[in-house]
Amino acid sequence: MSITDSTIVNPAKSINVDLGERSYPIHIGSGQILQADISQYVQGKKALIVSNETIAPLYLQSILDQLQDKQVDQVILKDGEQYKNLDNLNLIFTQLIEKHHDRKTTLIALGGGVVGDMTGYAAASYQRGVPFIQIPTTLLSQVDSSVGGKTAVNHALGKNMIGAFYQPQAVIIDTDTLATLPQREFCAGMAEVIKYGLISDEDFFHWLEANVDALLARDPQALATAIERSCLNKAKVVSADETEQGIRAILNLGHTFGHAIETFQQYTGLLHGEAVAVGMVMAAELSVLSGALKPEDVERTKGLINAFSLPVAPPQDMHADDFMALMVRDKKVLDGQLRLILLERIGSATVTADFRLQWLEATLAKACSA
Ligand code: NAD
Ligand code: GLY
């Protein structure tokens, strides 16, 4: 794929996530909350919107206005990764039961990845499964978490430990919602955008390097290109391996390290995207030790991550032993063996359990002394 003006999303664009009978569209564009006709994805007479106290005042009414012929209830959750847990998930189930929602109800996730992951898991499990729609409002959720059907809540002992693969009916990405997103959150989303360049799309990595200023200024065309290209990359991988039996694991570049950081900080320290940024640098360092990646590519990776004011080293109070203790609980551990995502070059990644422990130890020692 090369990047030209034809990939710019203007006007709205749709990408299909190709999963047979579970296929669904991703609608991307300015004004999509109003234009995508959300009601076409609400088949029954009832819907439940899940949002949080920050996002609801901004965008909830626009959705309510479109569903006036339905019984639409709402759950407004507290805002924060630390609330992505079973206690808060239960608030969704309580509302569904109290308001007599049946198997024909549709759940609507309005928010970032926290709201999306929780709503998706509620949809996967309420009465053994009801339809849901993703309306992601952060950059991170627009380029990653809303697409692909991974749903989950955290446990105090581990990130995203309780969840299901469960695909939405549609993903509606209104790029206008990014206008209200705080800069730190915007940059955290850029970590997952950079991830696609690193794992599978060298041209996109070059394009990102060349378009840092436009992206930081949230230039609408640059943003639309970055979101569309990210969704294309993600849709391709998910279509090839919906339930992560193999290649989908490359989407987790840096996440084993990142999730360890988030759990260590009990979900109140670095943002998810920030932790992933640190993890991607660590994965790149390990890839150099494995002999696959050139040292200068680590510097390019760090350079792009730095350009978006993202961290490149773990929190100072976190030590190699802390990483080791948390990484053994990673979901990529199979039969007691940790698998890591390593870079072969910029634009190509591989999943492997075939790495030397001393490479990992050296990577942790270097990162924790930085
Ligand atoms: P988030 O959901 O916590 O949102 C970040 C912050 O931005 C919150 O304070 C939120 O209220 C606020 N916000 C959201 N939209 C806004 C808007 N338009 N204007 C103003 N403020 C807004 O964080 P996130 O980065 O979106 O998502 C992180 C979560 O996503 C993590 O839990 C992570 O594990 C998960 N995730 C899941 C997948 C997946 O495949 N399911 C992939 C990546 C990440
Ligand atoms: N965010 C990783 C995945 O969707 O597989």
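Every number for a ligand or one of its atoms is a count from 1 in the order of the listing.
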Inset, instruction - May I ask you to decide whether Arg248 forms a salt bridge with Glu242, counting only side-chain N to carboxylate O separations under 4.0 Å? - result: no
Looking only at heavy atoms, is any part of [X] under 4.0 Å from ligand 1, and if so is it the side chain, the backbone, or both, or is it neither?
{"X": "Asp117", "value": "side chain"}
{"X": "Asp79", "value": "side chain"}
{"X": "Asn52", "value": "side chain"}
{"X": "Thr180", "value": "both"}
{"X": "Leu178", "value": "neither"}

Between [X] and ligand 2, which residue portion shows a heavy-atom distance shorter than 4.0 Å: side chain, backbone, both, or neither?
{"X": "Val238", "result": "neither"}
{"X": "Val147", "result": "neither"}
{"X": "Lys234", "result": "side chain"}

Legend entry - From Glu81, Lys84, Glu192, residue fulfilling side chain to side chain donor-acceptor pair (under 3.5 Å) relative to His272: Glu192
Legend entry - atom 3 (O) of ligand 1: nearest protein contact (heavy atom, Å): Val114 CG2, 3.4 Å
Is there a nitrogen or oxygen of [X] sitting under 3.5 Å from a nitrogen or oxygen of ligand 1?
{"X": "Gly113", "value": "yes"}
{"X": "Glu192", "value": "no"}
{"X": "Thr138", "value": "yes"}
{"X": "Lys150", "value": "yes"}
{"X": "Leu58", "value": "no"}

Inset, instruction - Answer yes if Ile305 and Leu343 sit in the same cluster of Ile, Leu, Val, Met, Phe, Trp and Tyr residues linked by side chain heavy atoms under 4.5 Å apart, and no otherwise. - result: yes
Inset, instruction - Establish whether atom 12 (C) of ligand 1 and some protein heavy atom are separated by less than 4.0 angstrom. - result: no
Inset, instruction - May I ask you to establish whether Arg218 and Phe186 are in a cation-pi arrangement, using a distance under 6.0 Å from NZ or CZ to the six-membered ring centre and at most 45° from the ring axis? - result: yes
Legend entry - Proximal ligand 1 atoms for Asp144, defined as those under 4.0 Å from one of its heavy atoms: 42 (C), 43 (C)
Legend entry - Proximal atoms of ligand 1 relative to Lys234 (non-hydrogen, under 4.0 Å): 40 (O)
Inset, instruction - Please work out which of the three classes, parallel, tilted or perpendicular, describes the rings of Phe323 and Phe257, given edges at 30° and 60°. - result: perpendicular
Inset, instruction - Please confirm whether the backbone N or O of Leu271 pairs with a side-chain atom of Glu274, one donor and one acceptor, at under 3.5 Å? - result: yes
